[in-house]
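Structure first, commentary second.
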Protein chains: 2
Amino acid sequence: MAGPTLRDVAKRANVSIRTVSNVVNGYAPVSEELRARVQAALDELDYRPNLIARNLKQGRTGMIALVVPELDVPYFAELAREVITAARARGYVVMIDQTDGDGERERELLGRDSRATMFDGLLLSPLTVSAEELRARGNRVPIVLLGEHIFNGSFHHVAIDNVAAAREATGHLLGLGRRRVAAIGDQPYATGETAQLRTAGYRQAHARAGVEVDERLIVPTPHFHRRLGAEAMESLLALPEPPDAVFCYNDLLALGAIRALIRAGRRVPDDVAVVGVDDIEEGQYSTPSLTTIAPDKGEIARQAVNTLLATINGEATAPAEIVVPHRLIVRESTGGS
Amino acid sequence: MAGPTLRDVAKRANVSIRTVSNVVNGYAPVSEELRARVQAALDELDYRPNLIARNLKQGRTGMIALVVPELDVPYFAELAREVITAARARGYVVMIDQTDGDGERERELLGRDSRATMFDGLLLSPLTVSAEELRARGNRVPIVLLGEHIFNGSFHHVAIDNVAAAREATGHLLGLGRRRVAAIGDQPYATGETAQLRTAGYRQAHARAGVEVDERLIVPTPHFHRRLGAEAMESLLALPEPPDAVFCYNDLLALGAIRALIRAGRRVPDDVAVVGVDDIEEGQYSTPSLTTIAPDKGEIARQAVNTLLATINGEATAPAEIVVPHRLIVRESTGGS
DNA sequence: TGAGAGCTCTGCAACGATGCAGACATCATG
DNA sequence: CATGATGTCTGCATCGTTGCAGAGCTCTCA
């Protein structure tokens with residue numbers, strides 16, 4: 001199983017190990033004749049450098065890890081794709097792990113036996129671990145946080161402006177003349193910071209439009225999955241005065257809500273207009289297609305990777321909140337095309 | 001940036017490096033008193049083992065790589081999730097890379113400078129690389145293939161019985177009384193082996209039902225994406241005698257086709273019934289929900305990981321075709337619920 | 001001709017960990 | 001008391017690579 005080493009090649013070509021290494025890496029000048037001889041030996045033995053040894057010597061692996069709650073949530077899958085692409089452009093590969101939103105799993109990462117030391121850096125999209133914990137665990141590996149708003153000056157953090165995004169989404173619905181706009185996805189507890197920012201934006205939009213918020217229209221959900229969106233929608237439809245529009249905190253909730261609406265015989269957008277967040281590909285092809293807040297995922301990935309690599313390379317900058325642009329895409333679920 | 005090493009800890013605790021290593025790993029017996037002293041030093045310095053060094057010494061990394069065409073294709077995302085879970089259960093972590101269906105990228109993996117040597121094994125879902133190439137490149141890393149049918153005795157290969165699956169899907173539509181059943185997704189060229197197997201199953205079902213195949217109803221698509229499904233459906237609707245049912249070679253094609261049907265004012269399943277393959281979560285929540293062939297993804301992942309680890313551990317078995325079960329799930333798009 | 005410069009090439013040490021063999025002390029046994 | 005067994009602990013070599021310093025040779029030019 002173990003392949004040939006520099007030693008084997010050196011022996012075959014009758015040169016020093018060091019010279020073979022030089023040929024492989026093109027470091028030092030090597031005469032044409034010797035180079036040819038070494039190259040022949042390399043080819044004959046089909047030598048492959050042992051990257052682990054190289055990494056040990058050089059103190060870096062060329063790998064970063066991306067840790068997300070769930071890889072089969074389309075938003076994370078699409079983001080992962082962008083991260084892989086951005087990392088490859090910089091010569092890095094990406095290890096992906098998922099935590100299932102399980103705090104234990106997230107904490108494992110910071111533990112003593114974590115494999116985190118195998119990576120040059122970590123991109124982390126934490127659900128339950130707080131920034132304080134992260135800092136306390138004092139992992140020596142550079143970290144950049146994604147999405148969740150737990151910025152407190154300790155880490156770089158890349159995200160869209162969640163308040164503005166929610167304000168625009170809600171404002172769009174109010175601008176259509178809807179007056180009973182529901183919100184699905186609030187998380188009024190410690191680890192639900194992103195959700196809370198969106199609720200704040202939802203309230204701001206109402207305030208600006210001079211419309212009073214009916215607190216019964218704000219439905220919290222512990223996760224952002226289709227099923228919970230459908231259930232939340234069903235409970236909203238059971239209200240004496242059901243909503244005529246819904247702002248869902250992500251696209252999956254929105255798609256679940258739409259499913260529930262159609263099952264209940266409501267028309268979308270005629271009876272109830274729906275907006276989501278994330279712009280997952282599915283929303284372009286659903287029936288009706290989904291109006292959504294589209295974060296620039298490519299930019300999120302590039303910013304995150306660039307910031308992480310800068311930290312890795314010691315071009316340290318103070319931890320910062322990096323805001324990435326987003327835009328509202330109007331599709332059929334609110335009357336667009 | 002560099003953390004403390006065994007040497008640092010040893011110096012602090014006034015013991016040998018070897019003893020610290022023993023404490024860390026619990027290998028050899030160490031007296032209570034010494035253990036406590038070493039442990040204290042470990043804690044004070046917040047020692048983390050350097051996994052790269054450990055890996056170099058032990059000749060394995062505890063990492064496997066999963067290479068898929070596109071991570072944001074739901075099937076692959078869901079499969080990736082299962083693979084990560086299965087690998088974790090066996091103490092392995094998973095590096096994920098995507099090739100974008102680009103032959104170059106796939107071939108890079110086998111090239112001299114590939115990072116493949118950093119992994120104990122490779123799970124590969126190739127689109128364009130043939131088994132011959134794989135074998136010729138003679139990568140020393142154990143490989144298990146996923147999904148594509150390019151088995152030729154050189155590699156382990158995990159997949160469902162594609163012919164049977166397609167036969168069942170098509171048979172289901174014929175069993176509903178449909179007589180003009182289209183097929184979307186054929187790939188009648190060298191690297192489209194899976195698609196060809198499904199086409200074979202499609203023909204078998206027709207033969208068994210005594211229905212003649214109208215060749216114009218078989219629409220090839222170079223990829224399995226929503227957009228191509230929609231376009232294929234549009235071309236089918238433009239036929240003088242459009243189909244009354246469609247078997248799509250994956251769920252994304254099916255969802256695209258449904259989208260096109262609804263836009264064209266056709267009812268699903270009343271006018272046209274639709275079946276897909278993959279059972280991605282989206283199909284449960286789409287409108288209408290999607291009838292599909294559901295491969296047992298968890299089992300695919302477990303079989304693939306187990307086979308790969310067996311190979312890694314030298315429990316070599318002859319390369320084999322490992323068939324994983326699938327089943328037809330009837331939902332609204334063919335009249336189910 | 002000899003010193004210096006320049007070009008190739010080499011050996012040694014090191015990255016941080018673990019495998020192995022053995023040193024040393026202690027204890028039980030005949 | 002000698003012997004061997006047992007239990008702790010240590011030093012050396014090693015994994016496969018690269019950094020560093022320098023060896024040996026050729027060539028130039030005074």
Side-chain angles (χ1 to χ4, degrees), chain A residues 1-39 41-42 45-62 112-120 140-141, chain B residues 1-39 41-42 45-62 112-120 140-141:
Chain A
M1 197 64 81
T5 70
L6 283 183
R7 203 231 271 327
D8 301 322
V9 178
K11 197 172 300 177
R12 185 180 191 95
N14 251 309
V15 293
S16 75
I17 292 180
R18 194 56 251 230
T19 297
V20 180
S21 171
N22 286 338
V23 170
V24 170
N25 294 293
Y27 274 179
V30 177
S31 70
E32 255 327 301
E33 184 236 327
L34 238 202
R35 155 171 269 104
R37 200 165 89 220
V38 171
Q39 190 60 53
L42 284 170
L45 295 177
D46 191 25
Y47 168 81
R48 312 286 176 102
N50 179 322
L51 297 182
I52 308 192
R54 182 180 287 175
N55 290 339
L56 172 60
K57 188 67 187 163
Q58 302 187 331
R60 24 159 284 141
T61 61
R112 176 151 293 167
D113 286 324
S114 147
R115 272 186 236 251
T117 56
M118 262 205 295
F119 304 100
D120 295 343
R140 260 174 297 277
V141 180
Chain B
M1 197 65 80
T5 70
L6 283 183
R7 202 234 268 332
D8 301 322
V9 178
K11 198 172 299 177
R12 184 181 191 95
N14 252 311
V15 293
S16 75
I17 292 181
R18 196 55 250 233
T19 297
V20 181
S21 172
N22 286 336
V23 170
V24 170
N25 294 293
Y27 275 178
V30 178
S31 70
E32 257 325 304
E33 185 236 327
L34 238 202
R35 156 171 266 102
R37 201 165 88 221
V38 171
Q39 190 61 53
L42 284 170
L45 294 178
D46 189 26
Y47 169 81
R48 311 286 177 103
N50 179 321
L51 296 182
I52 308 196
R54 183 180 287 175
N55 290 339
L56 172 60
K57 186 66 185 162
Q58 302 187 331
R60 23 160 285 140
T61 61
R112 175 150 295 165
D113 286 324
S114 148
R115 276 188 232 250
T117 56
M118 263 203 298
F119 304 100
D120 295 342
R140 262 174 294 278
V141 180

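Lettering follows sequence order; numbering is per chain, from 1.
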Inset, instruction - Measure the shortest side-chain to side-chain distance between V38(B) and E33(B) over non-hydrogen atoms and say whether it is less than 4.5 angstrom. - result: no
Legend entry - Residues which pass side-chain hydrogen bond (donor to acceptor under 3.5 Å, both in side chains) with N22(B), listed by chain and number, not counting sequence neighbours: R18(B)
Inset, instruction - Check side-chain hydrogen bond (donor to acceptor under 3.5 Å, both in side chains) between R60(A) and all other residues, then give those that pass, not counting sequence neighbours. - result: Y92(A)
Legend entry - Side-chain donor-acceptor contact under 3.5 Å, T61(B) with D120(B): yes
Inset, instruction - Whole angstrom is fine here: how far is it from CZ in R37(A) over to P in dT8(C)? - result: 15 Å
Legend entry - Rounded distance in Å - CD1 (I52(A)) to P (dA14(C)): 23 Å
Legend entry - For E32(B), all residues meeting salt bridge (charged side-chain N to carboxylate O under 4.0 Å, His left out), sequence neighbours excluded: none
Inset, instruction - Please report, rounded to the nearest Å, how far the P atom of dC15(C) is from the CE atom of M118(A). - result: 21 Å
Legend entry - Any S31(B) side-chain nitrogen or oxygen under 4.0 Å from OP1 or OP2 of dC9(D): yes
Legend entry - Degree of bending in the helix from dT1(C)-dA30(D) to dG30(C)-dC1(D) once both end axes are built from five pairs, to 10°: 70°
Inset, instruction - Among residues two or more places apart or on two chains, list those pairs meeting salt bridge (Lys or Arg N to Asp or Glu O under 4.0 Å) that have a residue in residues 2-15 of chain A. - result: R12(A)-E44(A)
Legend entry - Beyond-backbone contact of V20(A) with V15(A), side-chain heavy atoms, under 4.5 angstrom: yes
Inset, instruction - Give the B/S/- string for nucleotides 10-22 of chain D, one per nucleotide from 5' to 3', where a protein heavy atom under 4.0 Å of the base yields B, of only the sugar-phosphate yields S, and otherwise -. - result: BB--BBBBBBB--
Legend entry - Heavy-atom side-chain proximity of T19(A) to L34(A) below 4.5 angstrom: yes
